[in-house]
Amino acid sequence: MAAESNVNRRTFIQVSTAAVAGGLVSQDVLAGPAAASERASAGRRPVVISSANGLAAVAEAMRQLNSGADPLDAVIEGVVKVEDDPNDTSVGLGGLPNEDGVVELDASCMHGPTHKAGGVAALRNIRNPSKVARLVMQRTDHVLIVGEGALRFAKAHGFMEENLLTDASREIWLRWKESLSKDDDWLEPGEWNGGGKGAANPAAIPFTYGTINCCAVDAKGDIAGVTTTSGLSYKIPGRVGDSPIIGAGLYVDNKVGAAGSTGRGEANLQNCSSFQIVDEMRRGNSPEEACRIVLERIVEHTESRLRKKNGRPDYDLKFYAVSKTGEYAAASLWSGAKFAVHDGAQAKLEDMHYLYKAE
Ligand code: ASP
């Protein structure tokens, strides 16, 4: 098993070169924070990185940075565009619901200059959990508020409740529910009059992951990040993923960089992945190296139930990392994925690094 899961360096395919600002974070870290801020203040181009569904988010965040916004406000304004988009079924309005058909949202944010963080989990009826997370950070002495308390907190700050389940998301959820079993009372379309066999197979409508993570470093080298999601589709009500958990789905250290993740949240919760990525950058590894090291560690820790016959994980996980100097990378367990970045010149999608060629 170890041979399968222990991916060596050569198999971490390099599909893009992402050293935007030049220089390795190690030079800064080894020379200490003063050197880092000296380099950072030497007129760097800001960088915003996001999951692939965040092309509009990185464009908006960069627009905000260029007009002098704080990096946290910039990334939140970016992801709000995706939270508000009913066609993105992984975030905010139109997110896929829990097993009862209710949309429950998770989000966190972290502000490098103050090292403060905020989060909400299992929040219902509020389409912008990223903004509520920021208020938890700014207007309470807490870091995380969940469920009913998070909803009351949001309403206290003037957020309006609304039904976040769009017709499209409800239809997807209904197909999942109807396909769970032949032995329950839910018939699939066409089954009622003997026509159409239907799937009757939950694997036909698989659980899906989807989220937006967005991290930015501005021209002064100040860093912030946000992660917001409807989480695992058809989850058990109350299930909390990695996105609102600081260190799992997001982590920022203003002296080092930021990291965030999308994909199987349980793997990040068990491995504190985002914290680990930032910590690897602190040790002098590039964002790309840091992502690879942590992906390998997660593969090693994967329980046998979640491995394919050849020992590789049967799930996916994606990491996004940016250093204080603006070097960035994104990496996935499996090939074929892209991520969004604005490098100061343009917003674009780039190929992610990966451990395994898709099978
Ligand atoms: N990580 C999220 C969660 O587990 C889902 C995702 O990113 O796709 O809730």
Side-chain angles (χ1 to χ4, degrees), residues 49-54 57 75 79 82-83 85 87-92 94-100 102-110 119-124 129-130 132-133 144 146-147 150 164 169 172-173 176 205-215 225-251 258-277 291 294-295 298 301-303 306 313-321 330-334 336-340 352 354:
I49 183 173
S50 166
S51 40
N53 55 348
V75 291
V79 299
V82 183
E83 290 177 333
D85 178 359
N87 297 316
D88 189 314
T89 56
S90 67
V91 182
L96 288 175
N98 66 20
E99 66 180 17
D100 293 341
V102 179
V103 181
E104 286 184 340
L105 304 176
D106 294 342
S108 66
C109 64
M110 194 157 184
V120 287
L123 174 64
R124 299 181 173 192
S130 63
V132 187
L144 181 62
V146 308
L164 302 177
S169 293
I172 295 169
W173 165 79
W176 168 79
I205 315 267
F207 289 86
T208 58
Y209 292 93
T211 294
I212 181 165
N213 164 255
C214 187
C215 294
V226 60
T227 304
T228 173
T229 188
S230 53
L232 176 66
S233 61
Y234 331 126
K235 58 195 172 187
I236 294 173
R239 177 264 188 188
V240 172
D242 58 319
S243 306
I245 306 300
I246 296 300
L250 177 71
Y251 193 70
S261 180
T262 61
R264 183 178 160 79
E266 283 70 13
N268 287 333
L269 286 165
Q270 287 165 332
N271 289 281
C272 299
S273 311
S274 294
F275 174 79
Q276 285 208 51
I277 293 166
C291 291
V294 179
L295 281 175
I298 287 173
H301 291 160
T302 296
E303 55 194 295
L306 296 172
D314 71 357
Y315 57 87
D316 202 7
L317 203 53
K318 297 179 170 64
F319 292 151
Y320 315 88
S332 171
L333 280 173
W334 295 99
K338 295 194 181 288
F339 69 104
M352 295 180 97
Y354 57 90

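Counting starts at 1 for both ligands and their atoms, following the listed order. Worth saying up front: this structure is predicted, and the values here are computed from it rather than measured.
With rounding to the nearest 0.5 Å, the separation of CG in Asp106 from CG in Leu123 is 9.0 Å. Atoms CG and OG1, from Asn53 and Thr211 in turn, are 8.0 Å apart once rounded to the nearest 0.5 Å.
With Thr229, Ile212, Ile245, Thr211 as candidates, the residue nearest to atom 6 (C) of ligand 1 on a non-hydrogen basis is Thr211.
Under a 4.0 Å criterion applied to the non-hydrogen atoms of Gly231, ligand 1 contributes the atoms 9 (O). Under a 4.0 Å criterion applied to the non-hydrogen atoms of Gly265, ligand 1 contributes the atoms 1 (N), 4 (O). Near Thr262, meaning under 4.0 Å from any of its heavy atoms, are these atoms of ligand 1: 7 (O).
Residues forming a side-chain hydrogen bond (donor to acceptor under 3.5 Å, both in side chains) with Thr89 (at least two apart in sequence, or on another chain): none. Judged as a side-chain hydrogen bond (donor to acceptor under 3.5 Å, both in side chains), and not counting sequence neighbours, the contacts of Asn271 are His301.
Residue contacts with ligand 1 include Arg239, since one or more of its heavy atoms lies under 4.0 Å from the ligand. Not a single heavy atom of Gly249 sits closer than 4.0 Å to an atom of ligand 1.
Backbone and side-chain nitrogen or oxygen atoms of Asp242 are examined, and one is located within less than 3.5 angstrom of a nitrogen or oxygen of ligand 1.
In this structure, Glu266 pairs ionically with Arg239, as a charged nitrogen and a carboxylate oxygen lie closer than 4.0 Å.
Side-chain contact between Ile212 and Ser50 is present, with heavy atoms from C-beta onward closer than 4.5 Å.
At a 4.0 Å heavy-atom cut-off, ligand 1 touches Leu232 through the backbone alone.
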